[in-house]
There are 2 protein chains.
Amino acid sequence: MEQHSPSKKIKSILADRKAYTTPHRQAIVNLLAQSKPMSAQDIISALKKADINRATVYRELKFLKELGLIEELQLPGRKKYYEIQKHHHHHLICTRCHTIKQLELPRLVCKLLADITYINNCTITNHNLEFSGLCNRCQKYL
Amino acid sequence: MEQHSPSKKIKSILADRKAYTTPHRQAIVNLLAQSKPMSAQDIISALKKADINRATVYRELKFLKELGLIEELQLPGRKKYYEIQKHHHHHLICTRCHTIKQLELPRLVCKLLADITYINNCTITNHNLEFSGLCNRCQKYL
DNA sequence: TTGACAAATGCGACAAAGTCGCATATTATA
DNA sequence: TATAATATGCGACTTTGTCGCATTTGTCAA
């Protein structure tokens with residue numbers, strides 16, 4: 001497998017936490033950096049040449065999530081999906097072809113969250129806004 | 001267990017689908033009608049006197065969901081939660097006490113969905129908007 | 001460059017959530 | 001009340017994820 005060396009930024013984040021830059025860790029980060037959101041099993045399959053233990057993959061995903069390097073998506077269905085942490089955004093999972101697309105959201109959404117906090121007198125630390133339906137390719141066929 | 005007889009409406013929905021009005025089915029619907037969102041395991045435990053098989057509960061939840069009588073919530077975490085289908089709404093799960101509260105959302109949200117569909121040229125059939133954070137009771141303590 | 005120590009890994013067993021096929025039981029209705 | 005469709009129990013199985021522990025690997029300072 002081709003191993004891109006991790007960016008300076010990632011290396012320093014790892015160093016700050018006294019975390020090592022291991023081949024497995026790099027492989028997972030690189031894989032996610034180049035692809036759509038993947039489930040743990042997707043990652044295990046994709047890296048089967050590297051022969052990474054299942055438990056290691058799960059541990060790694062948990063760890064990278066804590067570090068804020070990747071994000072965990074709670075899409076409809078049983079599995080969690082992971083993707084490289086970019087700017088915050090949301091997804092559509094197609095009920096026909098099961099591809100996951102990133103959605104463009106009107107700016108309004110941020111304001112909305114503030115309103116919700118105010119109306120309900122609570123402290124929102126996290127939200128999960130995901131969609132399912134038909135992607136633009138599949139909606140032509142039905 | 002006290003068995004309220006199901007409403008006419010529910011009976012007719014069941015009849016339309018040639019589904020039977022069985023004690024187990026009634027027990028599950030009645031239970032959900034009287035409580036906060038519950039996981040499958042919560043339901044199994046709550047109905048342990050009725051001694052309903054696990055598989056039956058899962059099958060029933062799936063079926064009631066298809067009928068539109070209950071809704072499946074995808075909250076952060078591994079389990080799914082179920083609640084009686086009321087008007088569409090959203091939840092906050094408290095990261096401290098884990099209670100699930102229904103949130104009041106500004107009307108804006110509906111319009112937002114239409115905008116998202118338009119901007120992204122897709123067909124949204126379902127969305128999942130759930131929150132985690134601190135409920136109004138717990139936010140006093142931290 | 002190497003040795004020591006912390007961090008990462010593999011392994012295998014375990015757990016929780018959910019599914020399936022099949023034999024049996026229950027329900028609606030003619 | 002007989003019958004045909006539906007629901008249920010049972011148990012094995014799958015998937016997703018976790019854990020403890022022994023071993024290996026990465027880092028850093030001497």
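Naming convention: chains lettered A, B, ... in sequence-line order (proteins, then strands); numbering from 1 in each chain.
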Rounded distance (Å) that lies between atom P of dA15(C) and atom CZ of Arg78(B): 12 Å
Non-neighbouring partners of Arg78(B) that pass side chain to side chain contact (heavy atoms under 4.5 Å, CB included), sequence neighbours left out: none
Under-4.0 Å side-chain N/O to phosphate OP1/OP2 contact, Thr56(A) with dG10(C): yes
Relative orientation of the end axes in the helix from dT1(C)-dA30(D) to dA30(C)-dT1(D), expressed as an angle to the nearest 10° (five pairs per end): 30°
Any Ile52(A) side-chain heavy atom under 4.5 Å of His24(A) side chain: yes
Distance (rounded to the nearest 0.5 Å) between Ile124(B) CD1 and Cys135(A) SG: 12.0 Å
Separation of atom CD in Glu60(A) from atom C1' in dT18(D), rounded to whole Å: 15 Å
Check: protein-nucleotides 19-21 of chain D nitrogen or oxygen pairs below 3.5 Å:
unit_1: dG20(D); atom_1: O6; unit_2: Arg59(A); atom_2: NH1; d: 3.4

Interatomic distance where CD1 belongs to Ile44(A) and C1' belongs to dT14(D) [whole Å]: 15 Å
Separation of atom CD1 in Ile52(A) from atom P in dG10(C), rounded to whole Å: 7 Å
d(NZ, Lys18(A); C1', dA8(C)) in whole Å: 16 Å
Single-linkage hydrophobic cluster Leu14(B)~Tyr20(B), side-chain heavy atoms < 4.5 angstrom: no
Distance in Å, Glu130(B) CD paired with Tyr81(B) OH, rounded so as to fall on 0.5 Å steps: 11.5 Å
Any donor-acceptor N/O pair under 3.5 Å between dG10(C) base and Arg54(A) side chain: no
Lys80(B) NZ to dG17(D) P, straight-line distance once rounded to whole Å: 12 Å
Residues in side chain to side chain contact (heavy atoms under 4.5 Å, CB included) contact with Lys65(B), at least two apart in sequence or another chain: Ile70(B), Glu72(B)
Atom pairs, N/O to N/O, protein against nucleotides 25-30 of chain C, distance under 3.5 Å?
unit_1: dT27(C); atom_1: O2; unit_2: Tyr20(B); atom_2: OH; d: 3.2
unit_1: dA28(C); atom_1: OP1; unit_2: Thr21(B); atom_2: N; d: 3.4

Counterpart residues, side chain to side chain contact (heavy atoms under 4.5 Å, CB included), relative to Ala55(B) (two or more places apart): Asn53(B), Arg59(B)
dA17(C) OP1/OP2 closer than 4.0 Å to side-chain N/O of Lys79(B): yes
Least distance between heavy atoms, Leu47(B) atom then Ile28(B) atom: CD1-CG1, 3.8 Å
Centroid-centroid distance, His90(A) to His127(A), less than 6.0 Å: yes
Value in whole Å for how far the P atom of dT19(C) lies from CD of Glu66(B): 11 Å
Rounded distance [0.5 Å steps], CG in Asn120(A) versus CG in Leu92(B): 8.0 Å
dA7(D) phosphate, OP1 or OP2, under 4.0 Å from Arg25(B) side-chain N/O: yes
Pair Glu83(B), His91(B): side-chain N/O donor-acceptor within cut-off below 3.5 Å: yes
No-hydrogen, no-angle side-chain donor-acceptor test under 3.5 Å, Asp42(B) and Ser45(B): no
Side-chain N,O (His24(A)) to OP1/OP2 (dT25(D)) below 4.0 Å: no
Contact under 4.0 Å: Tyr58(B) side-chain N or O vs dG18(C) OP1/OP2: yes
Protein-nucleotide distance (Asp16(A), atom CG; dA7(C), atom C1'), rounded to Å: 16 Å
